[in-house]
Amino acid sequence: MKITVGHLYPSYLNIYADRGNIAVLTRRAALRGHELALDAIGLGDELRPGAHDLLYIGGGQDREQALIAPDLAGKGAAIRDAVGAGCSLLAVCGGYQLLGRGYWGRDGLFMPGAELFPHETVAGTTRMIGDVLLECELDPGTRRTLVGFENHAGQTTLDRGATPLGRVIHGFGNDGESGYEGCRVEAAIGTYLHGPLLPRNPWLADWILARALGHATGGEPARLEPLPDELEAAAHRVASERARARGGRSR
Ligand code: GLN
């Protein structure tokens with residue numbers, strides 16, 4: 001199968017090698033006999049209905065965010081429609097912030113968001129930096145952990161009833177207070193976790209890939225053959241230990 005990925009603003013939002021997430025998805029798809037086709041979506045480009053099985057947006061500093069925010073807000077309806085039609089999505093940090101209602105940046109500038117995730121972000125005065133360990137339950141009854149690295153001044157507040165990506169075990173998460181990290185709407189995941197995120201968390205890569213494949217075939221999330229993932233498991237273990245030893249706030 002061919003899985004088409006719409007990569008939003010790749011030349012503006014790619015801090016901490018977030019593009020590595022795409023490399024992981026490409027490789028894990030290829031190992032199962034599928035091809036990932038990349039479509040870069042920049043300022044002024046149209047988001048064609050049904051054109052993508054997965055949308056991806058990385059992180060960036062306030063300066064880059066301000067440059068793309070109005071354009072991204074203009075694509076909001078198309079992004080919400082795509083996710084409503086089963087397209088999967090992964091958004092990291094700066095991209096995650098701008099897929100909410102908006103981000104009040106450091107200088108008080110309001111950057112409008114795409115209004116996919118029910119949240120709002122305000123820049124705080126201290127940065128939340130460190131390794132993070134989360135516990136997630138994306139599929140009811142199956143708890144798994146995610147590890148990553150966070151570095152953000154923005155404090156994201158989820159609306160009442162919104163679904164977080166996970167519960168913080170070590171680290172700051174959305175706002176350093178609530179104990180929650182990230183947000184989920186259907187097959188769309190937003191998170192502060194960089195690293196890049198997917199090399200150390202192969203289960204999440206496959207969760208996203210299965211849904212993107214389901215969208216490509218017009219069916220249910222695909223069943224993917226398991227991969228050995230020994231190196232990935234070792235990387236996950238090392239990162240978990242680091243989060244335990246030196247993550248932000250521990251619970
Ligand atoms: N500029 C945003 C913040 O500091 C996002 C930074 C990032 O993507 N790492 O909150």
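In listed order, ligands and their atoms are each counted from 1.
- Contact atoms of ligand 1 toward Gly59: 8 (O) (distance under 4.0 Å to a heavy atom of the residue).
- The ligand atoms of ligand 1 that sit less than 4.0 angstrom from a heavy atom of Gly154 are 3 (C), 10 (O).
- Of the polar atoms of Cys93, none of the N or O atoms is found under 3.5 Å from an N or O of ligand 1, judged by distance alone.
- Here the heavy atom of the protein found nearest to atom 3 (C) of ligand 1 is Ala153 N, 3.5 Å.
- For the residue pair His170 and Asp131, no side-chain donor N or O sits within less than 3.5 Å of a side-chain acceptor on the partner.
- Atoms of ligand 1 found under 4.0 Å from any heavy atom of Gln65, numbered from 1 in the order shown, are 1 (N), 2 (C), 5 (C).
- Looking at Gly58, Ala66, Gly60 and measuring to atom 5 (C) of ligand 1, the nearest heavy atom belongs to Gly60.
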Salt bridge (Lys or Arg N to Asp or Glu O under 4.0 Å) for Arg32 and Glu225? Distances and angles first, verdict last.
CA-CA 7 Å; Arg32 275 74 168 242; Glu225 282 300 307; over 6 Å; no

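- For ligand 1, the atoms lying closer than 4.0 Å to a non-hydrogen atom of His194 are 7 (C), 8 (O), 9 (N).
- Counted by atom type alone, Trp207 and Asp139 present one or more donor-acceptor pairs between their side chains at under 3.5 Å.
- Atom 4 (O) of ligand 1 has its nearest heavy-atom neighbour, among Gln61, Met128, Arg127, in Arg127.
- Using the six-membered ring where Trp is involved, Tyr12 and Tyr9 have ring planes that are perpendicular, over 60° apart on the 30 and 60° scheme.
- When hydrogens are left out, the protein atom nearest atom 1 (N) of ligand 1 is Asp62 OD1, 2.5 Å; that is the closest non-hydrogen contact.
- Within the structure, the closest approach of Arg106 to ligand 1 does not fall below 4.0 Å when heavy atoms are considered.
- With hydrogens and angles left out, the side-chain atoms of Tyr103 and Asp62 include a donor and acceptor closer than 3.5 Å.
- A salt bridge links Glu137 to Arg143: at least one charged side-chain nitrogen sits closer than 4.0 Å to a carboxylate oxygen.
- Between Tyr96 and Tyr192, the ring planes are perpendicular. Angles over 60° get that label, and only those under 30° would be called parallel.
- Among the atoms of Gly94, some N or O lies under 3.5 angstrom from an N or O of ligand 1.
- For the residue pair Thr156/Gln97, the side-chain donor-acceptor check at 3.5 Å is not satisfied.
- In this structure, the side chains of Ile41 and Leu55 come closer than 4.5 Å at one or more pairs of heavy atoms.
- Annotation: Asn151 places an N or O atom under 3.5 Å from an N or O atom of ligand 1; distance criterion only.
- Not close to ligand 1: Glu150, with no non-hydrogen atom less than 4.0 angstrom away.
- Ligand 1 lies out of reach of Tyr192, whose nearest heavy atom is not under 4.0 Å from it.
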